[in-house]
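Single-structure report; data block below.
So you know, we letter chains A, B, ... as the sequences are listed, proteins then strands, and number each from 1. Keep in mind that the numbers below use all heavy atoms, side chains included, and drop hydrogens, waters and symmetry copies.
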There are 2 protein chains.
Amino acid sequence: MRTTDMPLIRRSRLFAQVGEPDLAAMLAACFVQTLPASATLCRQGEKAEFLHVVLSGRVGLFGSAGHEEALVEFFGAGDAFIVPAVVLDAPYLLTARMLEEGRILMWPAAAFRAQVRATGALAYGAVLLLSGYWRTLIGQIKDLKLLSAIERLSAFLLALAPRETGPVTVTLPGGRRLVAGRLGITPQSLSRAFAALRPLGISGGGRQVTIVDPARLREFAGARALKGPERRD
Amino acid sequence: MRTTDMPLIRRSRLFAQVGEPDLAAMLAACFVQTLPASATLCRQGEKAEFLHVVLSGRVGLFGSAGHEEALVEFFGAGDAFIVPAVVLDAPYLLTARMLEEGRILMWPAAAFRAQVRATGALAYGAVLLLSGYWRTLIGQIKDLKLLSAIERLSAFLLALAPRETGPVTVTLPGGRRLVAGRLGITPQSLSRAFAALRPLGISGGGRQVTIVDPARLREFAGARALKGPERRD
DNA sequence: GGCCGGATTTGATTCAAATCAAATAGTCCG
DNA sequence: CGGACTATTTGATTTGAATCAAATCCGGCC
């Protein structure tokens, strides 16, 4: 573990309420790994071995059925995923893969389980984290059930943008292929959706996308869109 | 609060680790309400006033956009919903409605927030509960993104059935209209999906559905289906 | 028992998005 | 810088599910 890791660790909601001495004791059982892009952190169906806390880099959570695979969610610094599988000691429902190089805190499952049970502050941090995830997932389910592909893309872009009025350039959390998966559509459909939004002032190149007038996009999406979509932070 | 409520309260995962004296202190701030079918517990967009714990009856969580509405999940005895909105002090993302008469424990939001922060055992219970919900929601997202309507119905029925071999009769958690919403399809499509499964030994009447040979259905669904779908319990 | 009103089924048609199929634009390497 | 691979766009076609439209079933109630 590097000294530069500590601030990253402290920044995670998971540890927000944990005191210094407790934190030190917890981390004694853990180690940090630098992983390259495409490295697999865990595989759907396997038994939970470690809790992973993202210190840097982006991670994608994928669900698979047969030979199909779909990105379920992007995770980034501060996120601790697989908490549920670890806590319930159940097999992973998802496969986690690094989308780029990053550092991951590895926390042995049994140790984590014991520590959440014993340390209220850690459990409270987990509640905050899981609460944020619940809201993210609910938002996604609502999008999938109630919005069209174009509306989902609009909502997704707006969630990425600071809620200002002026033109904004947002950075997609992954390539188009991955964004398409997150939105539950094919890359071809995503491309068409972007094309459909171009007249509304969306210009895209690579993972940079510029929204000329967020208010206009919000109005377009908002006609049918959901209230209170806000992003976990 | 009736004396018959206590066993129901104790049965919820939320309180599994909470000791008697703590529990009594917590419940002092709460009250129990009997609510009729269709009663609304909370409305999307509003600020969290209460945490609700279902003691009996079924509750539906609905997301809405514009004038469309879709059922996101069924909840039943032991479930505490809206935990995330309460903990994060954020507006509800969903509307909760009684699907039948039932009793609900009402817990003032501020009191609950203070108590999760203060009581490790309660926080731990919340972690367990939220972990289960995470898995349920992830399962649903995977279904929506990877399976066809018929496959989703198959998976849904199998999740309802005890994992035996012989013929089983399962009870749908709500009318066909609601089940359709949960599966992300229209009632008409649900009807066609049931029709498509009839040759595989699925006979339906009202909310009772009989699966002649779960293994055969599992095989059919399993050809493309997900591993480890299991239901929260 | 027989009627009313909503829920489910069935049929015909439409439509959004997937799939099939190239063409084009980017990127990484040597 | 050029080649090879991958990612993205664009076009044509198919298809799963929605929508439109009845018909039928059902439960509650007088």
d([atom1], [X]; [atom2], [N]) in whole Å:
X	N	atom1	atom2	value
B:I202	C:dT9	CD1	P	14 Å
A:F194	D:dT9	CZ	P	8 Å
B:R176	C:dT9	CZ	P	5 Å
B:Q188	C:dT14	CD	P	17 Å
A:Q208	C:dA25	CD	P	21 Å
A:K145	D:dA17	NZ	P	15 Å
A:E68	C:dA18	CD	C1'	11 Å
A:L71	D:dA7	CG	P	15 Å

### Query
Stepwise, does the ring pair (Phe, Tyr, Trp, His ring centres under 6.0 Å) test hold for A:F75 with A:Y133?
CA-CA 10 Å; A:F75 270 36; A:Y133 297 155; 4.9 Å; yes

### Query
Reckon B:R192 touches a base, only the sugar-phosphate, or nothing at all at heavy-atom distances under 4.0 Å?
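Touches a base.
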
#### Entry: side-chain N/O B:S191 vs C:dT9 OP1/OP2, d < 4.0 Å
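Answer yes for this pair, as a side-chain N or O of B:S191 is under 4.0 Å from OP1 or OP2.
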
### Query
Given D:dA18, is OP1 or OP2 found less than 4.0 Å from the side-chain N or O atoms of B:S189?
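Yes, because at least one side-chain N or O of B:S189 sits under 4.0 Å from OP1 or OP2 of D:dA18.
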
### Message
Does the structure place the NZ or CZ of B:R43 under 6.0 Å from the centre of the six-membered ring of B:Y92, at an angle of no more than 45° from the ring's axis?
### Response
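No, B:R43 does not lie over the aromatic ring of B:Y92.
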
### Cation over ring face, B:R176 and B:F194, 6.0 Å, 45°
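Flagged: B:R176 positioned over aromatic ring of B:F194.
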
#### Entry: Side-chain donor/acceptor of B:S12 to backbone N/O of B:G78, under 3.5 Å
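Looks like yes, one N/O pair under 3.5 Å.
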
#### Entry: A:A195, nearest nucleotide to its side chain (from D:dT10, C:dT8, C:dT10)
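Shortest atom-to-atom distance from the side chain points to D:dT10.
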
